[in-house]
Amino acid sequence: MHDQFQRQINYLRISVTDRCNLRCIYCMPAGGVKSVSHDEILTIEEITEVVVAGVPLGIRKVRLTGGEPLVRRGILGLVRNLRNIPEIDDIALTTNGILLAKMAGDLKDAGVNRINISLDTLKPTRYHQITRGGNLDQVWRGINAALDNNLQPVKINTVAIRGFNDDELVDLARLTIRQPLHVRFIELMPIGTSDDWAGGRYIPTGEVQELITGALGNLTEEKMVTGNGPAYYGRLPGAQGTVGFISAVSNHFCARCNRLRLTATGQLRPCLFSGRETDIKQALRAGAGREELTRIFREAILNKPDQHDLAARWQEDDRIMSQIGG
Ligand code: SAM
Ligand code: SF4
């Protein structure tokens, strides 16, 4: 269906857990977030019910995220449930890649079509630092397993961070030349990170793009990379993969936004940056029928704001990215 601003909403991003096996500096506090109790989190069956309720309204694509979706028990069962909904034609997953090497084959068999892997640096010590303990080798094994299992297109999400990886952005873009990897540069967003570390580290997309084209040559615009995201993609000369830019802050793409989010605790959230959540868990647990759930889903779509004003202020929100589903 269309929302109040004539945008067609067909994509649901699902946070399957607020937990994570890493503690990225820009995403989580060092001690992790205080996890909500297990029974606050939607069960696999409840998540499936919410997706089913969205189908009559036009939901066709889902992305599983978190927290770290691969630490969620029952994740493969959820993927199988979603694959069995005939109208759902695309199941994607965003992961830090740590557990991907051993799970890629099962994810593919269960029905995942494609994977995004987050990677902000090519240097093991920096990776360990930014993730507060992560092992870069494991991520590379995961990326290779995604390629080997044809979970394509394999996209790499890189947050551009001044004073941390600005000297590596060209090398990260270079990854697309020899392998069919799609590296997307994401602007550091003022959410969950309004602390001393993040201040002044934001790099606008235009600057990243100039750095890359200056070093590696012009980009030829590409429109054909499968996905729902509001990204600009270009191909470096002779490259197998593409380079993408997601400028959520400097040039927001709200007018083309086709998504709704489901938080791990069962709130439908119309925008990453909006607190206007609609509770669907309560109805689920009160035994609401499918029609009633669809009605609540519709309400959430109609609640979608025109646009966010991220550039204007740091987000004052009681949720952080891993809870909403980044
Ligand atoms: N754990 C999975 C992962 O890291 O891919 C999925 C969840 S994570 C919240 C999803 C994405 O959000 C990651 O690519 C991460 O880099 C990004 N992210 C988290 N906090 C961010 C911030 N403050 N600004 C920009 N991107 C952020
Ligand atoms: Fe975990 Fe992903 Fe957040 Fe890093 S970005 S702490 S991997 S949820």
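Being a predicted model, the structure only gives us computed values, none of them experimental. Order of listing sets the numbers, starting from 1, for every ligand and every atom in it.
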Asker: Can you find an N/O atom of Glu68 closer than 3.5 Å to an N/O atom of ligand 1?
Answerer: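 Min N/O separation from ligand 1 is below 3.5 Å for Glu68.
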Asker: In plain terms, say whether Arg285 and Glu46 are close enough for a salt bridge, that is, a side-chain N and a carboxylate O under 4.0 Å apart.
Answerer: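 So Arg285 pairs with Glu46 through a salt bridge.
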Asker: May I ask you to decide whether Asp3 forms a salt bridge with Arg298, counting only side-chain N to carboxylate O separations under 4.0 Å?
Answerer: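 Judged by the 4.0 Å cut-off on N to carboxylate O distance, Asp3 and Arg298 do not form a salt bridge.
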Asker: Which option wins on minimum heavy-atom distance to atom 7 (S) of ligand 2: Asn21, Asn96, Val159?
Answerer: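 The residue whose heavy atom sits nearest atom 7 (S) of ligand 2 is Asn96.
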Asker: Taking both backbone and side-chain atoms into account, decide whether Cys20 has an N/O/S atom under 2.8 Å from atom 1 (Fe) of ligand 2.
Answerer: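 Checking Cys20: at least one N, O or S atom is under 2.8 Å.
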Asker: Between Gly66, Ser118, Gly134, Cys24, flag the one that comes closest to atom 5 (O) of ligand 1 by a heavy atom.
Answerer: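 Nearest heavy atom to atom 5 (O) of ligand 1 lies in Ser118.
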Asker: Can you name the atoms of ligand 1, numbered from 1 with element, that are less than 4.0 Å from a heavy atom of Gly67?
Answerer: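 Atoms satisfying the 4.0 Å criterion: 1 (N), 2 (C), 6 (C), 7 (C).
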Asker: For the pair Asp90 and Arg60, find out whether any cationic side-chain nitrogen is under 4.0 Å from an anionic carboxylate oxygen.
Answerer: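 Salt bridge absent between Asp90 and Arg60.
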Asker: Quickly, which of Thr263, Thr65, Leu64, Leu93 forms a side chain to side chain contact (heavy atoms under 4.5 Å, CB included) with Ile14? Name it, please.
Answerer: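 For Ile14, the side chain to side chain contact (heavy atoms under 4.5 Å, CB included) test succeeds with only one of Thr263, Thr65, Leu64, Leu93, which is Leu64.
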Asker: Is ligand 2 less than 4.0 angstrom away from at least one heavy atom of Gly66?
Answerer: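 No, Gly66 has no heavy atoms under 4.0 Å from ligand 2.
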Asker: Determine whether the side chain, the backbone, both or neither of Thr94 has a heavy atom under 4.0 Å from any heavy atom of ligand 1.
Answerer: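 Answer for Thr94: both.
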Asker: I'd like to know if the side chain of Lys155 reaches the main chain of Thr94, judged simply by a donor and an acceptor atom lying under 3.5 Å from each other, with no hydrogens or angles considered.
Answerer: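 No; judged by distance alone, with no hydrogens or angles, the pair does not exist.
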Asker: Which residues satisfy the side-chain contact (heavy atoms from CB on, under 4.5 Å) test with Asn218, sequence neighbours excluded?
Answerer: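 Result, side-chain contact (heavy atoms from CB on, under 4.5 Å) vs Asn218: Thr213.
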Asker: Is Arg162 salt-bridged to Glu207, going by a charged N under 4.0 Å from an acidic O?
Answerer: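 Glu207 and Arg162: salt-bridged.
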Asker: Closer than 4.0 Å to some heavy atom of Val159 - which atoms of ligand 1 meet that?
Answerer: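 The list of qualifying atoms is 16 (O), 26 (N).
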Asker: For Thr95, take its heavy atoms, then give the atoms of ligand 1 lying under 4.0 Å from any of them.
Answerer: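 Going through ligand 1 atom by atom, the ones under 4.0 Å from Thr95 are 2 (C), 3 (C), 5 (O).
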Asker: Hey, does the side chain of Arg7 reach the backbone of Gln4 with a donor-acceptor pair shorter than 3.5 angstrom?
Answerer: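 Pair absent, no side-chain N/O of Arg7 close to backbone of Gln4.
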Asker: Near Thr65, which atoms of ligand 1 are under 4.0 Å from a heavy atom of that residue?
Answerer: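 So the atoms of ligand 1 that pass are 6 (C), 7 (C).
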Asker: What atoms in ligand 1 come closer than 4.0 Å to a heavy atom of Glu187?
Answerer: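 Those atoms are 25 (C).
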Asker: If you count the atoms of ligand 1 from 1 in the order shown, which ones are under 4.0 Å from a heavy atom of Asn157?
Answerer: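 Under 4.0 Å from Asn157, ligand 1 has these atoms: 14 (O).
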Asker: Any salt bridge linking Arg295 with Glu299? Criterion: basic side-chain nitrogen under 4.0 Å from a carboxylate oxygen.
Answerer: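 Salt bridge between Arg295 and Glu299, a charged N being under 4.0 Å from a carboxylate O: yes.
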Asker: Counting heavy atoms only, which part of Ile117 comes closer than 4.0 Å to ligand 1: side chain, backbone, both or neither?
Answerer: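 Neither part.
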